[in-house]
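Counting starts at 1 for both ligands and their atoms, in listed order. In what follows, residues are counted from 1 in the order of the sequence shown.
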Amino acid sequence: MKFGYFDDSAREYVITRPDTPLPWINYLGCEAYFGLISNTAGGYSFYKDARLRRLTRYRYNNAPLDMGGRYLYLRDNANGKYWSPTWMPTRGTLDEYECRHGQGYTIITSKSNGIKSSIRYFVPLGESLEIWQATLTNERDSDTDLSLFSAIEFCLWDANDDATNFQRNYSIGQVEIAPLAPNGRGAGGEGLTVIYHKTEYRERRDHFAYFACSEQLTGFDTIREDFLGAYRGWHEPQVVERGQSVNTEAHGWQPIGSHHVKVQLKAGEQKQIIFVLGYHENSKDEKFDPPDSQLLNKKTVKPIIEKYLKPEHADKAFDELRDYWTMLLGKLQVITPDEHTNRMVNIWNAYQCMVTFNMSRSASYFESGIGRGMGFRDSNQDLLGFVHMIPERARERILDIAATQLKNGGAFHQYQPLTKRGNNDIGSGFNDDPLWLVLGVAAYIKESGDWSILDEQVQYENEQGSESQLYEHLQRSLQYTLDRLGPNKLPLIGRADWNDCLNLNCFSDTPGQSFQTTTNKDGKVAESVFIAGLFILACQEMAGIAEHYHDQAEVNKVRKAAADMEETVWEAGWDDDWFRRAYDDYGHPLGSKENTEGKIFIEPQGICVMAGLGVENGNAVKALDSVAEHLATPHGIVLQQPAFSKYYLHLGEISSYPPGYKENAGIFCHNNPWVMIAETVVRRGDKAFDYFKRINPSAREEISELHKCEPYVYAQMIAGKDAATHGEAKNSWLTGTAAWNYVAITQYILGIRPAFDGLEVKPVLPSGWDSFEAVRNFQGVRYEISVKREGAGNKVTLEVDDRSIEGTVIPRPKDGIKTVKVKAVIRS
Ligand code: BGC
Ligand code: NOJ
């Protein structure tokens with residue numbers, strides 16, 4: 001069953017009923033001011049940091065779901081009937097309802113009691129505010145007298161403190177209600193009133209929030225309990241019921257912002273009303289106006305508010321936002337025979353990659369915005385999906401990440417986005433972490449052709465004086481693995497590798513202990529075959545980098561290291577039909593026929609074949625056939641089999657999950673694409689594409705009732721075959737799944753991938769595809785690519801501007817050439 005449809009030409013997903021299985025969310029903002037918004041206007045906003053600068057409240061795991069949002073109420077003053085034009089929070093029946101999620105904006109349209117309403121929510125580029133553009137149309141054949149109420153609940157900035165420290169917080173809330181123009185006069189803002197939220201501004205904060213409306217107010221409220229009425233919820237505010245605000249000023253307790261506007265509409269008449277919610281900072285020495293008062297200095301914020309309360313400025317800002325996304329998404333556009341591929345590549349998957357750039361793992365419906373910092377491993381992988389859209393920002397991101405690297409080549413597992421420093425609470429010792437930096441840097445150089453990044457002087461552990469060239473950071477990353485080999489000469493796993501839940505040194509028997517940071521073993525025995533595969537892959541990238549860097553000694557060194565590691569994998573990491581996963585602290589293999597549970601894992605099959613292992617001796621195909629036999633399900637490939645039926649002290653968190661969920665044999669959508677890519681390495685396009693389709697959210701739209709999460713973005717996990725809810729997705733939006741699926745489909749199946757020497761075109765397509773077209777903007781040149789199948793195999797020949805070339809990498813065109821036409825022919 002579906003709850004909406006894709007409107008590809010508008011680049012929107014259109015939700016046609018409000019009661020989706022879960023709130024189906026979208027993101028507002030793409031620079032500093034951000035918000036989450038659901039299809040019923042739930043969600044919250046923050047400035048830069050979802051924990052420390054949260055503007056509005058939201059209640060996770062609440063009943064009903066999705067409480068807290070950007071709410072409006074409409075009231076028919078003739079009979080007292082009221083409703084929410086976004087369905088929540090009053091629910092009830094709407095005669096029409098539609099929510100359009102686009103890139104950085106959401107439009108919710110509905111009709112009730114003959115009144116049509118359409119609210120467009122978005123954040124203008126370059127501003128720290130959000131606009132709600134509400135258009136009301138009287139579709140009755142008589143005049144109406146309406147009241148419109150807005151409602152938000154302010155968060156007292158630190159979301160964690162706000163949700164826990166009530167003894168203080170119930171006494172500190174402060175607001176100011178003030179005319180936009182002094183004494184009600186002035187340029188544009190005559191008679192308008194703004195609600196300011198200024199909790200803690202009196203002391204160390206120099207920022208505040210504001211909530212403004214384009215209309216003269218009939219009233220306002222800022223005390224929650226007076227607005228709602230005692231013991232009432234947001235679904236039946238007393239003020240709305242009565243049809244009159246009480247003009248309250250909050251002192252402590254729970255400050256809110258609510259405007260009351262009277263709207264008289266003649267039959268057929270339409271009116272636009274704009275709300276602006278924003279964040280503003282003043283300089284420390286100009287906080288107050290007059291200076292010796294406690295009143296906010298509003299001099300610099302007023303012009304901003306005035307501007308965006310005007311429809312022409314709001315419209316212009318919206319058009320600029322649309323153009324910005326057209327530009328970003330325009331970096332790669334494809335037309336293939338498969339609509340699910342087209343819309344994921346052209347719109348949604350690329351958009352999700354940008355959201356992971358902005359949010360990392362901080363704020364989603366599953367990430368509360370108060371928890372995790374930016375992962376070292378996550379950030380490097382996210383980069384693979386957004387580097388082509390914003391190479392300059394990818395560069396900055398790489399330098400930030402690298403500056404947290406430890407001197408021994410290791411990595412803080414996480415760093416904090418505001419301070420950009422490594423996070424001491426979690427520390428280091430996730431032994432795969434540093435290797436991802438090599439992959440991230442390689443991807444950046446291939447995309448941008450900017451070799452100068454290697455010469456950047458970058459600190460270690462953010463310590464002044466510790467700088468070395470970024471190039472040396474990469475060398476140290478690889479050395480970190482070589483310095484930590486175990487009894488079988490495989491890399492020691494440390495706290496965990498990519499699989500955060502495979503905690504082979506943890507041995508935790510105490511409830512509540514973190515599996516990731518508890519270590520009861522010295523870590524000298526447990527080894528990871530996955531890291532071995534990743535190491536070989538990273539060595540290959542490093543060899544490419546070193547070659548161009550004219551460092552032949554390094555090329556030789558990493559090639560030898562990779563060859564030695566490969567030999568070790570065949571000796572200790574191969575299990576007849578597939579790659580083993582690890583060795584535990586007792587020195588026993590895991591992911592082996594010797595095990596009764598966890599006999600085969602997905603990660604080493606994917607990563608080792610991606611690194612080219614077994615392509616020549618046939619083991620790659622064997623390993624992938626084993627994946628198909630033991631791990632593949634119609635909903636995707638599960639992480640391992642058989643699932644762990646109980647908690648194993650020596651395995652850690654992986655066995656803490658009930659079978660079929662998360663890392664215990666769930667379908668981890670992050671590593672499915674490794675198998676897709678591996679299938680392209682052994683040139684099996686049908687299999688690669690089949691796996692791509694199984695987890696493609698658009699292709700799963702028809703089973704939305706089961707899938708539950710949004711059909712336009714990937715989820716981290718789909719419940720595996722051992723689960724009671726096989727096929728049900730969780731943890732949508734913020735996941736490495738976005739980047740890796742994007743890489744798998746665009747770079748390996750469609751085969752358009754940046755290489756060190758230029759753009760490579762080397763598709764491995766499903767046999768049923770005769771052709772596809774693509775436009776790729778790469779290093780300032782527009783590549784117009786057409787691919788045709790003339791034979792059943794995978795042999796690709798290229799003609800560039802009508803001339804055949806050797807191989808599959810298109811040499812860089814002469815300076816000044818801005819468009820290149822590429823014809824790729826696939827033969828047997
Ligand atoms: C989750 C992992 C996650 C880890 C670290 C675990 O509980 O299952 O997917 O990476 O926590 O936050
Ligand atoms: C989520 C983490 O963010 C990612 O780094 C990890 O690899 C997966 N979980 C698997 O455990």
Side-chain angles (χ1 to χ4, degrees), residues 355-357 359-364 366-385 401 411-415 423 425-437 439-440 493-504 506 508 511-518 528 530-531 533-534 581-582 598 601-604 606-607 636-640 643-644 647 651-674 714-720 723 729-741:
V355 173
T356 65
F357 165 73
M359 296 289 130
S360 188
R361 302 295 173 268
S362 71
S364 74
F366 301 87
E367 304 276 6
S368 64
I370 56 181
R372 304 152 73 175
M374 314 245 313
F376 192 95
R377 174 206 296 144
D378 292 339
S379 301
N380 277 299
Q381 290 175 82
D382 290 348
L383 193 132
L384 307 177
I401 302 170
F412 278 110
H413 193 47
Q414 293 177 358
Y415 71 101
N423 188 338
D425 304 337
I426 314 242
S428 63
F430 294 75
N431 283 350
D432 64 316
D433 274 344
L435 295 172
W436 296 108
L437 180 65
L439 267 59
I493 195 167
R495 288 187 160 154
D497 59 21
W498 173 87
N499 191 331
D500 279 322
C501 301
L502 193 59
N503 317 116
L504 303 180
C506 176
S508 170
Q513 270 184 342
S514 158
F515 286 107
Q516 272 87 43
T517 57
T518 307
S528 163
F530 170 79
I531 300 183
L534 179 62
R581 177 63 177 86
F601 283 69
I602 187 174
E603 306 99 305
I607 211 84
I637 308 167
V638 300
L639 202 144
Q640 96 277 5
F644 298 112
Y647 177 57
L651 299 182
E653 185 169 3
I654 190 166
S655 59
S656 76
Y657 287 111
Y661 292 101
K662 291 281 276 181
E663 281 85 345
N664 188 11
I667 295 155
F668 235 79
C669 299
H670 180 147
N671 54 29
N672 275 231
W674 299 344
Y714 284 97
Q716 181 204 55
M717 198 259 318
I718 297 173
K730 277 184 199 141
N731 300 12
S732 54
W733 281 99
L734 305 184
T735 159
T737 308
W740 274 111
N741 276 281

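Listed by number with element, the atoms of ligand 1 under 4.0 angstrom from any heavy atom of K662 are 1 (C), 2 (C), 8 (O), 9 (O). Ligand 1 places these atoms under 4.0 Å from at least one heavy atom of E653: 6 (C), 7 (O), 8 (O). Interface of N499 with ligand 2, defined as ligand atoms under 4.0 Å from a residue heavy atom, comprises 11 (O). Proximity to R377 (heavy-atom distance under 4.0 Å) selects the following atoms of ligand 2: 4 (C), 5 (O), 6 (C), 7 (O). Interface atoms of ligand 2 facing E663, defined by a heavy-atom separation under 4.0 Å, are 9 (N), 10 (C), 11 (O). In summary, the atoms of ligand 2 found under 4.0 Å from a heavy atom of Q716, numbered by their order in the structure, are 1 (C), 9 (N).
Residue contacts with ligand 1 include Q716, since one of its heavy atoms falls under 4.0 Å from the ligand.
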Inset, instruction - Report the C-alpha separation of I718 and C669 in whole Å, then their side-chain angles, then the decisive distance to 0.1 Å, and conclude whether the side chain to side chain contact (heavy atoms under 4.5 Å, CB included) test is met. - result: CA-CA 7 Å; I718 297 173; C669 299; 3.8 Å; yes

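When hydrogens are left out, the protein atom nearest atom 10 (O) of ligand 1 is D500 OD2, 2.5 Å; that is the closest non-hydrogen contact. Here the protein heavy atom with the shortest distance to atom 2 (C) of ligand 2 is D500 OD2, 3.3 Å. With hydrogens left out, the protein atom closest to atom 5 (C) of ligand 1 is Q516 OE1, 3.7 Å, a heavy atom. Closest protein heavy atom to atom 9 (O) of ligand 1: E663 OE2, 2.7 Å. The protein atom (non-hydrogen) at minimum distance from atom 4 (C) of ligand 2 is D378 OD1, 3.3 Å. Counting protein heavy atoms only, atom 7 (O) of ligand 2 is closest to W498 O, 2.6 Å.
With hydrogens and angles left out, the side-chain atoms of H670 and Q381 include a donor and acceptor closer than 3.5 Å. No side-chain N or O of T737 forms a donor-acceptor pair with one of Q716 less than 3.5 Å apart. Between the side chains of Q640 and N664, at least one donor-acceptor pair of N or O atoms lies under 3.5 Å.
Side-chain contact between V638 and I602: absent, with no pair of heavy atoms (C-beta onward) separated by less than 4.5 Å. With a 4.5 Å cut-off on side-chain heavy atoms, F644 and L651 count as touching.
Look at R495 and D433 and you find no salt bridge, because none of the NZ, NE, NH1 or NH2 atoms lies under 4.0 Å from a carboxylate O. Salt bridge R377/D500: present, at least one basic N to carboxylate O contact under 4.0 Å.
When heavy-atom distances to ligand 1 are checked against a 4.0 Å cut-off, Y657 comes that close only through its side chain, counted from C-beta outward.
Scanning both residues, G375 and S360, for their nearest heavy atoms gives N-OG, 4.2 Å.
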